[in-house]
Each structure stands twice: as C-alpha cells, then as structure tokens.
Peer 1: 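Got a structure for you, written out below as structure tokens; questions coming shortly.
Since the structure is predicted, the reported quantities are computational estimates derived from the model, not experimental observations. Letters A, B, ... mirror the listed sequences (proteins, then strands); counts begin at 1. These values consider heavy atoms only, across backbone and side chains, with no hydrogens, waters or symmetry-generated copies.
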Amino acid sequence: MTSKEKKKLEKLGKLRHSMAHVMAGAVLKMMPEAKFAIGPSIENGFYYDFDLPRKLTNEDLDKIEEGMKEIIKESVPFEREVLSRAEALEMFRDQPYKVELINDLPEGEEISIFKMGDIFCDLCRGPHVEDTSRLNAQGFKLLSIAGAYWRGDEKRPMLQRIYATAFGDGKALKAHLEFLEEMEKRDHRRVGKEQDLFSLHEEAGPGLVYWHPKGARIRVTIEDFWRKQHYKNGYEMVFTPHVGKSWLWETSGHLDFYKEGMYPKMVMDNVDYYAKPMNCPFHIMIYNNGKHSYRELPFRWAELGTVYRYERSGTLHGLLRVRGFTQDDAHLICTPDQMQSEISEVLRFSLFMLRSFGFKDISAYLSTMPEKSVGEKNRWDAATDSLRKAIEDEGLEYKVDEGGGAFYGPKIDLKVKDTMGREWQLSTIQFDFNLPDRFDMTFVDSDGVEKRPYVIHRALLGSIERFFGVLIENYGGAFPVWLSPVQVKVIPVGNKFDSYAKEVEKALRQAEILVEGDYSDDRMNAKIRNAQNKKIPYMLVVGEKEMNDKAVSIRVRTGEQTNAVPLDEAITLIQDKIARKEMP
RNA sequence: GCCAAAAUAGCUCAGGGGUAGAGCAACGCUCUCGUAAAGCGUAGGUCGUGGGUUCAAUUCCCACUUUUGGCUCCA
C-alpha cells in the first residue's frame, strides 16, 4: 500500500468512526435509555453495538438514518476532552459497558471523551472530523441489524449491532452498493441453483452436500487434475475407512481434545465407532502396519478423504461451511534430514495448484509455537525455520502469527485473493508433533536406531466442497473452459438441422469435449439465451450453411461470434482452450 | 449454541381468519425459426413440522426444524 492510499484509508476511517457517533446520537434521541458498547469503523463502513430496551426493526433503521441526516445537517462540532479516571467513571456511571472499558484501560493511559454538541458524548480515543458537516448525508446507508455478544464472548450479554456502510460521497457509496449487488449475483448458492450444480437437504441432514451431475462434472475435473498432479509430484494415493473404533480416537487424542467437533458415537456389537473428523489416524495406521527404514522415506500419501465434523448450527453456510466434506489431504512422513526439502516442495506444489485454478494473488501466514504445546522445543524451532525458509525462497509475502500455531505444531496457511478482492484461506501445511508420539511411529535410521519421523499434514485446496464454493464465487459461475460442466452447447437453428447438430455433438464428444445439444422446440434465440444464462463457454450454432460446409458458427459467451468455422478447426480451438485452462 | 428475520408450486415471489395467485420452468398443440425469451393451452400446493386459540387457521399464538444476516475488527 502506498502512503497516499494509507492516508485515504485513515481519512475514511475517521469519517466512519465519526459517523458511528452520529448513529449513536440518533439512537440515543430515539431511545434515551440506550446503553452504548462500542462503535468502531470497519472495512467499508462502521457499526455500533447497543443494549436497548426493545428489539430494533427495519423501520427503526429508516428513522435512525433520518435522525443521522439531521445531525449531519446541523454541523454539530466534535470536541475532545481529557478526563481523569474518576471523572470518566462519574460521567459514564449510567453506562455499564463504558465503565467496564474505563476500568480496563491501563494505568497512565490518557482518558479522552468526544462530545458531539449536546447530542451524544462518548468515551473515545478519536480522532474525529471537526464537525458533522464534514460528513456526507448521501454517503452512508444502514445495512442490517445483527446480534453480537459484548466483547465477542458468548457468556456475556447479547447486544444489538447496527451495521452501516459509509463513504466520502454518494458516488463511492453507490459503487459499493453495486459491488454488494454483484456479490449477490456471484453467490455460490445462487449460481449453484441456476446451474443445477448442488443442493442441501434439511430433511436429509443440514450441512451435507449433494453434488448434481453438472457439479459432479466439475468435481471430477478437479479431482482428475488433482490426482494426476499428485502422482507427478511423487505422491501415492491411499483410501481409508469412514469410521473407526473408539480405540483409534482415544489413541489419537481426538476423543480428549476434539470430541465436541465429532459426530456422536455409533454402537455396534457393544463397540463404539465414530465417523472420522480427520484422516490422519488412518494414514498412520497404514504406516504402522510395517517397520520402515530411512531408505523408504519420505512417504507422501494423499487421499480425497471425506470427513464429518459437528459445526455449530448457526455457522453453516452453503458449501463454505458444512458438516461433511472431502479434504484434499496428504501426509508427508519423513526424516529430519528430508524435512526442509519436503516443506519447500509441498509449498511449491501448493502454489502450482492454486495458480492452476486461476488464483494468482497468494499470501502466506506463518503460525508459530503457542504457550501450550507438545513436542520438543528444538523440533518446533527446526520446523518453524523450515517453513519460514520455504516461504522466503518462494518470495511470498507473509505475516507471522506469533503463538498462533496449533498445540501440536507450527503451520503455513495460504490465502488467495479472488477476482472480487476477497481473501480465502485454502492451503494449509502443518507439522504434527503429537500423533507420531501417540501412535509411537518410528523408522530405523542408518545407525540402526529407531527414531521418530516428522509428520506433516497438508491440504492444498482445503476441502473440495469449500473450494468449489470459492471457485464459483471467483468466476461468478463463468468458469474457464476446462472447468465448465458443459463446454459447448450445439444449437441447431431449427429442428431440420437436428441431425447435423447431432453429428457435431458426436464429433465433439469423441474429442473429449463436454457437449450438449439443444433439440427443444425453442427458437434459436431462446436456445442461445438459455445457454448464455448457464454461462456455457461456447455455443455452436448450425443451420443450412454449416451443414453444407461441415462447419459451425461459434458464439462465445462473451458475445463474440465467428461464422463458417470448419468443424475440425473449432474442435482444435476448444481443445486448446481446455488444455491451456483459459477462459473462452 | 446465542440474537434477529424468514419458510406459500421445481425456481423467483405476491397474498391474506372463510374454495390459494403470478412469472419462469414442466407437459401438450401450433409455428420450423440465423445469434439473449414465438403463440395458445394443460397440469402442478396438507402454504416447513407439531400443538393451541377460533364456528373456521395457510393467515393469530407457542414450540420445533431449516435457511438467512450477525456473534474477530476494540473506547
């Protein structure tokens, strides 16, 4: 970010934060009993949390918005004052949340308040605009009412939060509202319905995904590519069961530390079984099936492993947060000597995969040893160093989350930015110092001594379901040709040309192109419209001329049109686009 | 899980204490069509589930289920 951009953001932040005070003022006017929590500026806007005598309705939002516009019109000044702790506590004695905030301020910290005329006064660090006339009455919009726990803690009171978006002027606001509309259009749940890709069924189990034929085609494309690349990169595939006896989960520690994330037990013949929330114990079972020499290592075992986890009911969301999903999992089992090269390789591989799917803007997050952890410090240090070196060698931008690692090992997470500028965490590469001990994994080293191997978990796409959701939103349903579930729609201009269209269809299918013909009695215009709406990359329109010349008319979903293309040329062109993973 | 809102035809949605409505999709018929919607017709619903109030509930009330927006952004 340039310093100019930073300044602009700071200015917007000041504006939004001031706007939050204006909103609080309007709410106070409406409900004098209101208790105020916090009201920061956030990305694209601001919010304020209130404890109110009654529930807010959407009509209230309109009234509050009106109230805010009035305050803005009145050019109310913002004035800063510095108070002693005692004065501040006295001033906010009727505001329990503010009192808590004041009491939590560290000793010696300056306590300041901002007065907005006699309308509203808030404990606040600032800064603010000089007066409310600096705010734009056309530049904001209250968006939604939401519940939010005081300080994000579910044991504390639930407050009412009003979210708003705000910009310097009406034009920027309009642009942002249009952006939100565009997001709605790209929503994977909406596109999933429009293109008949997948469904979820409350009566059959929430958070469990059904892949329809079109969605399954995309999934198969993803998986085929994934398997091929894994074999090319020295991995082996494994398949493991979906359930395991409690012994397995006791040994792994999941029943001690992860039980609330697991589906409850099934009992068969008086024995407890659990659906797997992770694949790792199964892969370790394969490893422990025999004795291993250092000469065999490293093992790279991959599995598209479907796992089941309990996600809190309120957090389920389309494909992005589900209860049953398929991890593109793998475990690297290696000697200490091999660790660095394995990490570097898997990071490189990960970047290759993400880029293959069109994600170019990738950043890394390195999470280091937390306070509570297992495993020897020197192993943590070596592992963390290898992760850091791998990131730096790739020249990736990265942030360090000190102490943010899991208790069993440090990790790298990769985040991609999609075409709409949103970040998604996809890949994760994670050391495990817990399971090798628990399962007593060993290899015989060159000196004949049994030693502990390093175990690294990794998922490149994360989960197939979630990745699919991200892909849909990234492309807004207009996939590159290789991922499109229908790459070509053959459209005869009239039923007279159905037989030639079928010939074309057959030729394309022989060329391994995903093709469908439209033999409905719709008019050609309607057929084109239907194909456009499904975002099918190529429409091959055929009629008399094409039939006579063994040709097709190519209409790309962008609207481009090329007439009289010989059929074999059209096939080559489409095959080429598929091979290059390009847009049509 | 918690707060709020929602659930009506396959989809998008309207309606409202007294026989349930539209558009699109589906199906049938007519038209045989040249680059983003031909015309006519037919069928389609225990109004999410269970309970209550009422002469009468899809509508009002309660519970449940599911979905949606939130629950990290620090005065």
Peer 1: Got a donor-acceptor pair under 3.5 Å from the side chain of A:Arg555 to the base of B:A36?
Peer 2: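 Checked by distance alone, the answer is yes.
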
Peer 1: Hey, does A:Thr315 reach any base, or is it just sugar-phosphate, or nothing, if we go heavy atoms under 4.0 Å?
Peer 2: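 Contact class for A:Thr315: base.
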
Peer 1: Side-chain N or O of A:His317 less than 4.0 angstrom from OP1 or OP2 on B:G69?
Peer 2: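 So the side-chain polar atoms of A:His317 do come within 4.0 Å of the phosphate oxygens OP1 or OP2 of B:G69, strictly under.
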
Peer 1: What about A:Arg523, does its side chain sit under 3.5 Å from the base of B:C31 through a donor-acceptor pair?
Peer 2: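 Answer yes: a donor N or O sits under 3.5 Å from an acceptor.
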
Peer 1: Check this for me: does the side-chain of A:Tyr47 come within 3.5 Å of the base of B:G70 through a donor and an acceptor?
Peer 2: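 When only heavy-atom distances are counted, A:Tyr47 does not reach the base of B:G70 through any donor-acceptor pair under 3.5 Å.
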
Peer 1: Describe the nucleic acid contact of A:Asp521 in one word from base, sugar-phosphate, nothing, applying a heavy-atom distance below 4.0 Å.
Peer 2: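 The answer is base, as A:Asp521 lies within the cut-off (heavy atoms under 4.0 Å) of a base atom.
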
Peer 1: Compute whether any side-chain donor of one residue and acceptor of the other, for A:Glu473 and A:Trp424, lie under 3.5 angstrom apart.
Peer 2: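 A:Glu473 vs A:Trp424: no donor-acceptor pair found between side chains.
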
Peer 1: Would you say A:Lys527 reaches B:U35's phosphate, i.e. side-chain N/O to OP1/OP2 under 4.0 Å?
Peer 2: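 Answer no for this pair, as no side-chain N or O of A:Lys527 is under 4.0 Å from OP1 or OP2.
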
Peer 1: Could you state the atom-to-atom distance from CZ of A:Phe50 to C1' of B:C3 in whole Å?
Peer 2: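 The answer, rounded to whole Å, is 16 Å.
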
Peer 1: Taking A:Asp413 first and then A:Lys415, would you say they form a salt bridge - that is, a charged N and a carboxylate O separated by under 4.0 Å?
Peer 2: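 So A:Asp413 does not pair with A:Lys415 through a salt bridge.
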
Peer 1: With sugar-phosphate meaning primed atoms plus P, OP1 and OP2, does A:Tyr310 contact a base, only sugar-phosphate, or nothing at under 4.0 Å between heavy atoms?
Peer 2: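 Sugar-phosphate: the residue A:Tyr310, judged by heavy atoms under 4.0 Å, touches backbone atoms but no base.
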
Peer 1: Base of B:G34, side chain of A:Glu546 - is there a donor-acceptor contact under 3.5 Å?
Peer 2: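 Such a pair exists between side chain and base.
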
Peer 1: Could you give the CG-to-P distance, from A:Asn525 to B:A38, as a whole number of Å?
Peer 2: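 Taking atom P of B:A38 as the reference, CG of A:Asn525 is at 6 Å.
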
